[in-house]
There are 2 protein chains.
Amino acid sequence: MAANILIVDDEQAIADLVEVYLLNENYKVFKFYNGRDALNCINNERIDLAVLDVMLPDINGFSICRRIREKHNFPVIMLTAKEEEIDKITGLTLGADDYITKPFRPLELVARVKAQLRRFTKYNSMEPAKEERLIAFSGLVLDMDKHECMLNEKKISLTPTEFSILWVLCSNRGRVVSSEELFQKVWGDKYFSNSNNTVMVHIRHLREKMHDSAEHPKYIKTVWGVGYKIER
Amino acid sequence: MAANILIVDDEQAIADLVEVYLLNENYKVFKFYNGRDALNCINNERIDLAVLDVMLPDINGFSICRRIREKHNFPVIMLTAKEEEIDKITGLTLGADDYITKPFRPLELVARVKAQLRRFTKYNSMEPAKEERLIAFSGLVLDMDKHECMLNEKKISLTPTEFSILWVLCSNRGRVVSSEELFQKVWGDKYFSNSNNTVMVHIRHLREKMHDSAEHPKYIKTVWGVGYKIER
DNA sequence: CAGAACCTTAAGATTTTATTAATGAGACAA
DNA sequence: TTGTCTCATTAATAAAATCTTAAGGTTCTG
């Protein structure tokens with residue numbers, strides 16, 4: 001599972017450079033040149049690791065780190081200029097998991113990022129290799145082994161197709177999934193045409209069973225012209 | 001799979017040494033003692049990787065790197081003297097993929113060369129196109145996966161066309177994009193005529209949703225006779 | 001000032017999605 | 001085999017959202 005990594009550095013060249021290296025490793029990168037945008041992002045995206053510059057124009061890197069620690073648990077790596085020796089202790093004390101002094105070798109940074117992610121996933125016992133058999137979030141539980149769906153403690157019985165569709169939506173939650181992609185993933189690589197409204201009908205049935213509606217969707221949202229989506 | 005490797009170093013002893021080690025690994029080596037000959041070679045041979053010395057008598061190694069990047073996509077490894085610490089970031093920023101400080105162990109160089117070639121081939125074969133899925137700057141966040149737009153912490157809902165237009169403008173931020181180019185990129189390669197004002201109407205809608213105005217634009221600026229532009 | 005480029009507005013054309021009902025396919029038991 | 005049941009698909013229609021067009025107004029530039 002590709003991790004989401006937050007980068008914050010006001011020196012655009014450096015942020016861009018780090019981005020290139022992390023993209024290369026198949027991470028999804030959220031890059032910001034100031035603290036405000038970054039903090040904004042943290043509340044809206046699932047971030048797995050942050051790389052923070054200490055010196056930022058608006059918000060101090062340490063402050064961001066502290067703000068992260070208030071609500072989140074992912075590792076933080078601080079970037080500091082070589083002269084700021086004194087700050088090292090401070091940064092680590094405030095909750096950073098590692099720090100790198102500038103100028104640094106990008107490959108070293110990549111190595112540290114990987115190390116942190118490894119350490120973190122290890123301690124959290126998230127098995128990256130094994131594919132998920134159970135999805136559970138905000139009142140919704142999908143059990144692939146039992147082929148069962150629970151919504152707010154109550155079991156709702158879904159047909160195989162309905163279950164598959166809901167599974168795909170849930171395992172991609174937070175992201176819009178197009179009808180075409182749904183069709184591909186649920187029915188296999190069959191040909192899909194727009195005149196085929198079978199996905200739509202199943203969505204309708206799902207919503208009915210989940211006591212959801214198209215106008216005011218609690219779960220399955222329609223994103224016009226794009227697809228369907230379940231919020232995280 | 002024998003790769004073609006370009007070596008440029010005015011210190012002949014070093015160039016020769018590197019050559020020996022790379023020949024040993026069954027790479028084909030193109031060796032030059034100055035930048036001019038190297039640049040000449042680049043246009044005539046298929047090069048898979050370059051090892052460039054920073055200090056050259058005629059053309060700076062960084063310049064060569066930049067010239068390579070203008071037309072080619074292969075990895076570049078820079079060789080720098082240990083004192084040139086400051087240049088490190090610069091060199092990497094200008095597009096180098098790795099650097100090695102002199103004196104270096106030849107085997108380390110060979111290892112780095114292999115790593116770059118591995119990374120590069122992986123990068124080029126696995127993923128079809130590593131396009132950005134997220135754009136974020138100065139209070140504006142565009143998330144292609146969520147198909148969501150945030151402006152100053154507030155979500156604004158855009159239609160597919162509006163989203164596409166804003167995406168094109170943002171991914172070309174700092175540059176003026178003509179109506180024609182917008183049309184091409186958003187609608188595909190359909191025919192565009194000046195009597196078609198649909199782009200204009202969508203811009204208008206975008207501005208409305210962003211609480212922007214044509215007279216005093218905060219985001220989408222009109223560049224008279226040219227097109228539209230978003231500042232970086 | 002005149003013409004060109006751009007802005008605004010709103011109607012109706014088009015596209016996409018929702019709903020509903022009917023048909024068909026397959027499983028399973030009598 | 002036949003009838004019944006469940007589920008998947010299709011089709012027709014309705015509803016909604018979006019897109020395009022066109023007309024008239026405004027602003028800019030030489």
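So you know, we letter chains A, B, ... as the sequences are listed, proteins then strands, and number each from 1. Atom set for the values below is all heavy atoms of this structure, side chains included, hydrogens, waters and symmetry mates excluded.
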TODO: Just compare C:dT17, D:dA8, D:dT20 and give me whichever is closest to any side-chain atom of A:T222.
DONE: C:dT17

Open item on the list: Checking A:H72 now: which residues fulfil ring pair (Phe, Tyr, Trp, His ring centres under 6.0 Å) with it, not counting sequence neighbours?
Closed with: A:F74

Task: Pairs meeting criterion salt bridge (Lys or Arg N to Asp or Glu O under 4.0 Å) with involvement of residues 168-187 of chain B, two or more places apart - done: B:R175-B:E181, B:E181-B:K185

Open item on the list: Quick check on C:dA5: is either OP1 or OP2 less than 4.0 Å from any side-chain nitrogen or oxygen of B:Y228?
Closed with: no

TODO: Applying ring-ring contact (aromatic ring centres under 6.0 Å, His included) between B:H202 and each of B:W187, B:F183, B:Y228, report the one that passes.
DONE: B:W187

Task: Angle by which the axis turns from one end of the helix from C:dC1-D:dG30 to C:dA30-D:dT1 to the other, five pairs per end, to 10 degrees - done: 30°

Open item on the list: Once salt bridge (Lys or Arg N to Asp or Glu O under 4.0 Å) is applied, do any residues pair with B:E162, and if so which ones, sequence neighbours excluded?
Closed with: B:K209

Open item on the list: Which residues pass the ring pair (Phe, Tyr, Trp, His ring centres under 6.0 Å) test with B:F137, not counting sequence neighbours?
Closed with: none

Task: With A:D9 via salt bridge (Lys or Arg N to Asp or Glu O under 4.0 Å) - residues at least two apart - done: A:K102

Open item on the list: Give me each pair satisfying side chain to side chain donor-acceptor pair (under 3.5 Å) with a member in residues 210-221 of chain B, each pair once, sequence neighbours excluded.
Closed with: B:N152-B:Y219

Open item on the list: Expressed as a whole number of angstroms, how long is the span from A:N196:CG to D:dA11:C1'?
Closed with: 12 Å

- [ ] For A:R204, check salt bridge (Lys or Arg N to Asp or Glu O under 4.0 Å) against everything at least two apart and list the hits.
- [x] A:E208

- [ ] Not counting sequence neighbours, which residues clear salt bridge (Lys or Arg N to Asp or Glu O under 4.0 Å) with B:D145? List them please.
- [x] A:K28, B:R133

Task: Backbone of B:V168 reached by a side-chain donor or acceptor of B:N172 within 3.5 Å - done: yes

Task: A:T198 vs D:dA8: side-chain N/O to OP1/OP2 distance below 4.0 Å - done: no

Task: Check: B:N4 side chain, B:R46 main-chain N or O, donor-acceptor pair, under 3.5 Å - done: yes

- [ ] Return the nearest nucleotide to the side chain of A:H202; candidates are C:dC7, D:dA8, C:dT17.
- [x] D:dA8

TODO: May I have the distance from A:M200 (atom CE) to C:dT15 (atom P), rounded to whole angstrom?
DONE: 15 Å

- [ ] Grab the NE2-C1' distance between A:H147 and D:dC7 for me, whole Å please.
- [x] 13 Å

Task: Between D:dT10 (P) and A:W187 (CH2): distance, integer Å - done: 10 Å

TODO: Could you encode protein contacts along nucleotides 22-27 of chain D as a string, one character per nucleotide from 5' to 3', using B for base contact, S for sugar-phosphate-only contact and - for no contact, with a heavy-atom cut-off of under 4.0 Å?
DONE: BB---B

Open item on the list: Restricting to ring pair (Phe, Tyr, Trp, His ring centres under 6.0 Å), what partner residues turn up for B:F163, sequence neighbours left out?
Closed with: B:H147

Open item on the list: In this structure, how many angstroms lie between the P atom of D:dT20 and the CD atom of B:E162, rounded?
Closed with: 11 Å

- [ ] May I have the distance from A:I165 (atom CD1) to D:dC7 (atom C1'), rounded to whole angstrom?
- [x] 13 Å

- [ ] Give the rounded distance in Å between these two atoms: CD of B:E180 and P of C:dC6.
- [x] 13 Å

Task: D:dC7 phosphate, OP1 or OP2, under 4.0 Å from A:T161 side-chain N/O - done: no

- [ ] Within residues 203-210 of chain B, find the residues that approach DNA chain C with a heavy atom at under 4.0 Å, and present them sorted by residue number.
- [x] B:R204, B:R207

